[in-house]
Structures are given as C-alpha cells and as structure tokens.
There are 4 protein chains.
Amino acid sequence: MKRHVKRQTDKTDKRRAILDAAVEVFARHGFSDATINDVAEKANIAGGTVYLYFKNKEDLLIQAMNEIISSRLAEIKKIISHEINSLDRLYKMILLHVELFSRNPYVVKFMVSEWRQSDDFYQLNPEFNPFREYLDYVTSLCQEAIDTGSIGKLNPRTLAYIIVGTMDFVLTQWITKCEPLDPYLVADEVRQILRHGVHIPKPEADGS
Amino acid sequence: MKRHVKRQTDKTDKRRAILDAAVEVFARHGFSDATINDVAEKANIAGGTVYLYFKNKEDLLIQAMNEIISSRLAEIKKIISHEINSLDRLYKMILLHVELFSRNPYVVKFMVSEWRQSDDFYQLNPEFNPFREYLDYVTSLCQEAIDTGSIGKLNPRTLAYIIVGTMDFVLTQWITKCEPLDPYLVADEVRQILRHGVHIPKPEADGS
Amino acid sequence: MKRHVKRQTDKTDKRRAILDAAVEVFARHGFSDATINDVAEKANIAGGTVYLYFKNKEDLLIQAMNEIISSRLAEIKKIISHEINSLDRLYKMILLHVELFSRNPYVVKFMVSEWRQSDDFYQLNPEFNPFREYLDYVTSLCQEAIDTGSIGKLNPRTLAYIIVGTMDFVLTQWITKCEPLDPYLVADEVRQILRHGVHIPKPEADGS
Amino acid sequence: MKRHVKRQTDKTDKRRAILDAAVEVFARHGFSDATINDVAEKANIAGGTVYLYFKNKEDLLIQAMNEIISSRLAEIKKIISHEINSLDRLYKMILLHVELFSRNPYVVKFMVSEWRQSDDFYQLNPEFNPFREYLDYVTSLCQEAIDTGSIGKLNPRTLAYIIVGTMDFVLTQWITKCEPLDPYLVADEVRQILRHGVHIPKPEADGS
DNA sequence: AATGAATGAGACTTCATTCAT
DNA sequence: CATGAATGAAGTCTCATTCAT
C-alpha cells in the first residue's frame, strides 16, 4: 500500500513538474514557439515522457491553463472569504490579483498571452474558457457590493471589466519590463480612482 | 506619366493588400501559427510575392504593427484635436478607441495578441514598441486634463492604464465573442464609473 | 542596311556581355549557386532579358563553356602554328595554357569547376565535352612530337594527362589563392621535370 | 554493458552511413544540387534524421570532407611507412592514390569537385582546406627523395603538383567515363615518364 | 526588344509524435 | 514507466522562368 501511495505521489509530482515547466516555457516563448522538448528539459524528463501524462501539446496547454486559473482562483476565494465587508472584498481582490500573479511572473504572461489564443483554438474548444470563470467571480463580488449597498447601482460586469482588464494590463506592462512600475502602488492608485472617480473631490466629500 | 502613376499605385496597392491580409491572418491565427501562404492567399497573390515587398515574416509583422498603430493613432489625434475641453478629449478618446478598432475587428486582436509577444521577439527588437506610443498619447491627455483642473490630481499613467487596459480587454472579449456585449455601451458605462467612482452618489450630487 | 548591321552588332554585343558576365558569376559562385539575376546585373540588363538570348540557365552554361574553350583553343592553335619544332610546340603549349587562362582568372575557375559537372549533366548531354577537344589537341601535339622523334615512344594520351592535369591543378591552386605561387615559374619547372625526369642527371647527359 | 556497446555502435554506424551516402550523393550531383533528402534516402533514413547527426547541410559537407581525406591519408601513410627506399615510397604513393580512391569511385569526384568550391565557401571557412594536408604529405615525400639523393634537386612542391594534379585528373576522367582508361596502367606510364623524362633514352641508359 | 513583377515548385530545416528498447 | 532516436509533415524562403506592359 505504501508503495502504491509512493507511486501515486511520484506520478502526481511528475505531472505537476511538467505543468509548472509548461507554464514557464509557454509564457516565455508563446505556445506555438515553445517546444515540447523545452518543457521536458525544464521538467528534467525526456521528451517522450510528456506524452505519458498528456495527450498532446494542446492538451498540455489546456490542462496547464485550467490548473493555473483554478488554483489561483481557489486561493483567492479562500482568502477573500475572511473579509466581511463586501467593498473590502472587492478591494482585497485587486490586491490579491497582483499579489498572487506577481509572485510567479510567468503565470501572468502565460495567462494574458495564451488565454486569448487563436480563433481556431476557441472554435474547436468552445467549452474552454478558464478566464471566464475568473471574470465571473469578480463580477459576483461586484454584484454583492451593489446588493449590499456598498457601491452604487452600476453594471457589475462593466466594473469587473475595469478591474480585471486594468490589472491584467498593468501586470503585463510590469512583466514585459516595458516600463518600470510597482504593481502594488498602481493597484492602490487604481483603487483610489475607482472609489472616487476622476472628478475633483469636493472638500466636504471623502469619509473613508 | 500616367503609366508611372499607375505602376506606383499598383505597387502601393499590393503592399497595402498584403499588410491588410497580414493583420487579419496574424490576428486570426496568431503570428507563429499564421503562414505566409495564408497571408498570400488572403491577398490574392502567390506565396513568393510577399517576399518582393517584405524581407521576411518578421519584417511583415513589424511593418504591419507600425502601420496599424500609427495610422489609428494619427486618426484619433486628428479628431481629438477638434475637442476643446480637455475632459471631453479624454472621454472622446475612449469612444474613438472603440469606434476605430471595432470597425476593423481583427486589428484589435492583432494588436493585443501580438503586442505582447514572446520575450524572444522583444529582446531582439527592444526599440520596437508601437503600443507604448499609444499609451503615451493617452497619458498626455490625462496629464492635460489634470493640468487644466478638469480632473483631480492623480497619476496620469495609472489613469491611462485603466482606460487602455479596460477598453483593450472589453474589445477582446467582444471580438472573441466570449460574451455578447455592446462595446459602445460598455465604453459609456466605463466613462460613468470613472467620472464618479463606485461610491454611492450622495443625494445632492449631479444627476448625469 | 546600316541599321541592320547596327542591330546585328547590338544583339551580338549583348549576347557577349551576358556570356562574359556568366563566366565570371558562374566561376565566382559555382553554377548552381549563381543566379540568373546575378548574371543579368553584372551584364547591366534585366533578368528577363537573358531569356531572349538563351533558352535557360543550362543553355547559358553550355554556350559559355563552348565559347570559352573554343576561343582559347583557337588562339592557342594559331600561335602554336608558328612554332616549327614539334617539341617547342609542346613546351609552348604549356606556357600558353598558363598565359591565356591566367589573363582572365575567372575563366580558369569556371572551367575547372564546371567542366566536371554532375553526372546528371553529362548523362543528359553526352555529346557535350568541350574539355575533350582541348585534351585531344594536346594529345595530337604529343603524338606529333613522338612521330617526329622529338620525344621517346610513350603514350601520347598519358603525356597529355600530365600536362593538362598538372597545369589545371596549378592554376586552380593559384586562383583559389590556397598558396602563393607563380604559375609561369611552376610551368617552367614542370617543363624541366618532364624533359629530364626526376632521376639525377648524368654529368654527360644534357644537350638542350 | 552490451546494450551500451550496441547503442554506441548503432549511433556510430548511422553517422557513418550518412557520411558515406553524403560523399556519394555530393559527388554525383555536386554539393548545391544534392539534396538532404537524396542523402537520407541513400542512407535509408528519414530526411529529418540527418539533422540529429549534423548541424546542417554545410556541416555535413565539411565533416564528410575531413573524414574522407584524413582516413585515406592515414591509410596511405601507414602503408607507405613500410617502404624503405624514398623513391619507392614516392612511386608507391601514386599507386596507392589510384588504388584507394578507385576503390570508392565517388570519393574522387567528391574530392575534386567540392574541394575547389565557390569563393563564398572558402572565404567563410578559410581554415578549412583538407586537400592541403594531402598535398603537403606528397610534398614531404618528394623532399625526402631529394634529400636522400634518390632524385635530382628539383622543387618538391612542383613535383607534388604534377603527381597529385595528374592523378586527380586521370581519376576524374576515369570516373566520369569521359574516356575508357585503366588508371593503374596510366599510373605506371606516368611513373615511367617522371622517371626518365620525355627525352629519347640514350641506347646506353638503364633498361627498366 | 526589353523589362521586372509575379509565380510556384522545391530546398532546407524544425518539431510534435511514436515506438522499440 | 521512462527514454530518446527516428519520423515525416509542414513552414519559410529562394529563384528559374514567364508574360503583360
């Protein structure tokens, strides 16, 4: 029995090693330019071994995406559940997005580069949209904030677009080193702008 | 002389046809998965002909990018120059972004997909960053609005991130048909949110 | 009529220009690596024009070879005819070979590189062997020297091999600059060796 | 362990099979006209397999050349070392040249065709001149014969030119079947001519 | 007669995938 | 289970040749 557990672990470990390697390699070179051998080498296994765990290159991409998104999302959900105030949960979400993704830079590039893949891919895999799940969660947080009266009656989906689109963009700028920026600082500034809007605050307004 | 003009036109036309085809094909399949023959077929020419106008596949990508960005940006700048109020210019910018890019849907995907290409590409072409130019322009509009007191004293770069990141994201969602949405409507909602923030408007606030 | 002559000349001139360009370009890059456009450019004409004078690339090669060999051979024959002594004619031949070919370096490389072309070529063109004509002439000179008793009774073909093979080799070494050598000097040394052999000459022997 | 040896052998065998195929195919069609697939087919492997053993087509050419020349030269040197008399060594050299190369006919054409490649190639690979090594060895044999007084005081390099150039030429004529000849017979005749020169032997001379 | 833009066949090379060991 | 040599399909790019002007 112990042997069986060991094997199970081995198998799981190797699978995970391949997935981790795939995320980094796909992010670094893009899905099409990355080679299976690059992934295998990074995972310290032989090229053919990848095919013992994944049907083909595309399967590896899909599974890597799913794991990435859902593992991050699960982590985020767990932490957020500790916040009581719905507005705080929304703000916390922004910070967590930055925190979790900036911890492993390649995950960001992997997500933003690959999730909007080719038409071909999405037409062949219409059911596959891991990012949708993420976006839906942010939308639900917005809806909640609206329902509890924490924020005004605005379209929760639109707000989700702003949050996810902006942070996605900021992280990409940061990760490609196109310009020097501190994602945490920007996240905070974004939060401020979203809270009060761009209008010049009336002297008597702010009460945060 | 007419002959000369004709030839000139022919040559320019073909170059443009290839560039247009390239934008669509690169956007549809992604740069690496798109083939030169796909581009040639879409442009109604033979595969080898592409190489009479462009040095190689990468040259075609770079030139296509440059033309796309700079032609859109020039159009936007021209229209915006007619707006006098600096806040109006910023709002107009959002609408124009949607308008111009949604007119040629593939341009959007082309930009957002290819602009954040592989490390490899950007490390080999560090000087090449047409998107930066775009972002810089939006930043300058924000700065202007701040300087003229139209909006509060916030970080203009951050605001530019929000505007470009959000609209980029929205357009991508729209173009990949991941979900049904009206980009104009969303643009307007984004504008509203940015104006007042997400806080519940006080009864005495403006009633736009 | 003058017009006709003019045209005739024009046509002949352009044909010659192309042939000359072909010899140089073929010699420089080898037949297969040379391009028709290289030849055309060197001849200051457009690429398509070559096909008004030659059926195709291979035809250009054959005609260039024939002209090269036969024009050199004709020149050699004419000069040699002035020599009366048959041994002198043979020695003169060696010098002329060097002289004529070293005058236009590319002709040498063209000949030695291209005349032993691919099996394919010779199997398709069995009648084509311009070098054979050259070798035959040298052989006839040897035969003559034997018949007149100028040299011993040896195989004239073998002697021709030695003469042509050696000088061909020497010129190639010279032209490829593989090593510094004076082809005239070598030609003279070859003549000496052929005259007396490599044996240590007996004191009483030489009477040249 | 046996397994390891087996693999080693397999790998070496395949590399050799490709090299042998390359020599024949390059010789038959010339380097530029030969295709990698021709080589692969002759070696009974798939086209892509060539690239597991050689970086590219040019690498295959260079390695093939080096192996050809050095393996022949090593064989020749070994056999020649058994001859004591320096003149015999020189004569033996001529015979060995014919013997070794006529055993694998394509090697000859390969050498003589490719060795004097295009300017381009040699300018890019100035250090590469395997034939030089061969010529140097023949020269050293000549020098030795001179030093030991076996032959007269003549330029050893010139004599090497005659030997290598002539036999190279003869073998090429033979291999291209341009004319029917027995290379061994010709080699012997060449030896005779070199020994005594072309002069009519005096009645009292030696009777070899 | 001359041009040179256009064509498209074919070469080199890469790499996802398989399979014997 | 793991390996990595082998495969061969497919992509980029070149260039001989044609043809409308």
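Lettering of chains follows the sequences in order, A, B, ..., and the numbering in each one begins at 1.
Residue D/Asp38 contributes atom CG, which lies 12 Å from atom C1' of E/dG10 at whole-angstrom precision. Remark: P of F/dA16 and NZ of C/Lys55 are 16 Å apart, rounded to the nearest angstrom. Here the C1' atom of nucleotide E/dT18 and the CG atom of A/Asp59 are 17 Å apart, to the nearest Å. In this structure, B/Asp33 atom CG and F/dT12 atom C1' are separated by 14 Å, rounded to whole Å. E/dC12 atom P lies 13 Å from atom CD of D/Glu58, rounded to whole Å. Taking atom CD1 of A/Ile18 as the reference point, atom C1' of F/dA2 lies 11 Å away to the nearest angstrom. In this structure, D/Asn37 places its CG atom 15 Å from P of F/dA10, rounding to the nearest Å. C/Tyr51 places its OH atom 18 Å from the P atom of E/dT7, with the value rounded to the nearest Å.
Pairing of E/dA11, defined by two Watson-Crick or G-U wobble distances under 3.5 Å, is identified with F/dT12. F/dT21 is paired with E/dA2 under the Watson-Crick or G-U wobble criterion, all donor-acceptor distances under 3.5 Å.
Ranked by how close their nearest DNA chain F nucleotide is to the 5' end, D/Asn44 and B/Ile36 are led by D/Asn44. Looking at which nucleotide of DNA chain E each of C/Gly47 and B/Ile45 is closest to, the 5′-most match is held by C/Gly47. DNA chain F is contacted by both A/Ala46 and B/Gly48; A/Ala46 maps to the nucleotide lying nearer its 5′ end (nearest heavy atom per residue).
Closest approach to the B/Lys14 side chain among F/dT12, E/dA1, E/dA6 is made by E/dA6 (side chain taken as heavy atoms from C-beta onward). Here the side chain of A/Thr49 is nearest to one of E/dT13, F/dC15, F/dT3, namely F/dT3. For B/Tyr53, counting side-chain heavy atoms from C-beta on, the closest listed nucleotide (F/dC13, E/dA6, F/dA5) is E/dA6. The nucleotide whose nearest atom lies closest to any side-chain atom of B/Asn56 is, among E/dA2, F/dC13, E/dA16, F/dC13. Residue B/Leu52 places its side chain closer to E/dT7 than to any other of F/dT12, E/dT7, E/dT17. The side chain of A/Thr35 lies closest to E/dA16 when the candidates are F/dT12, F/dA16, E/dA16.
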- [ ] Run the numbers on D/Asp38 and D/Lys42 for salt bridge (charged side-chain N to carboxylate O under 4.0 Å, His left out), then give the verdict.
- [x] CA-CA 6 Å; D/Asp38 289 344; D/Lys42 171 101 12 200; over 6 Å; no
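For the atom pair OH (D/Tyr51) and CD1 (D/Ile36), the distance works out to 4.0 Å, reported to the nearest 0.5 Å.
Relative to the six-membered ring of D/Phe31, D/Lys57 meets both conditions, a distance below 6.0 Å and an angle of at most 45° to the axis.
B/Asn37 and B/Glu41 are not linked by any side-chain donor-acceptor pair at a separation below 3.5 angstrom, with hydrogens and angles left out of the test.
Here D/Ala34 lies in heavy-atom contact (under 4.0 Å) with sugar-phosphate atoms only.
At distances below 3.5 Å, not a single donor-acceptor pair connects side-chain atoms of C/Thr49 with backbone N or O atoms of C/Ile45.
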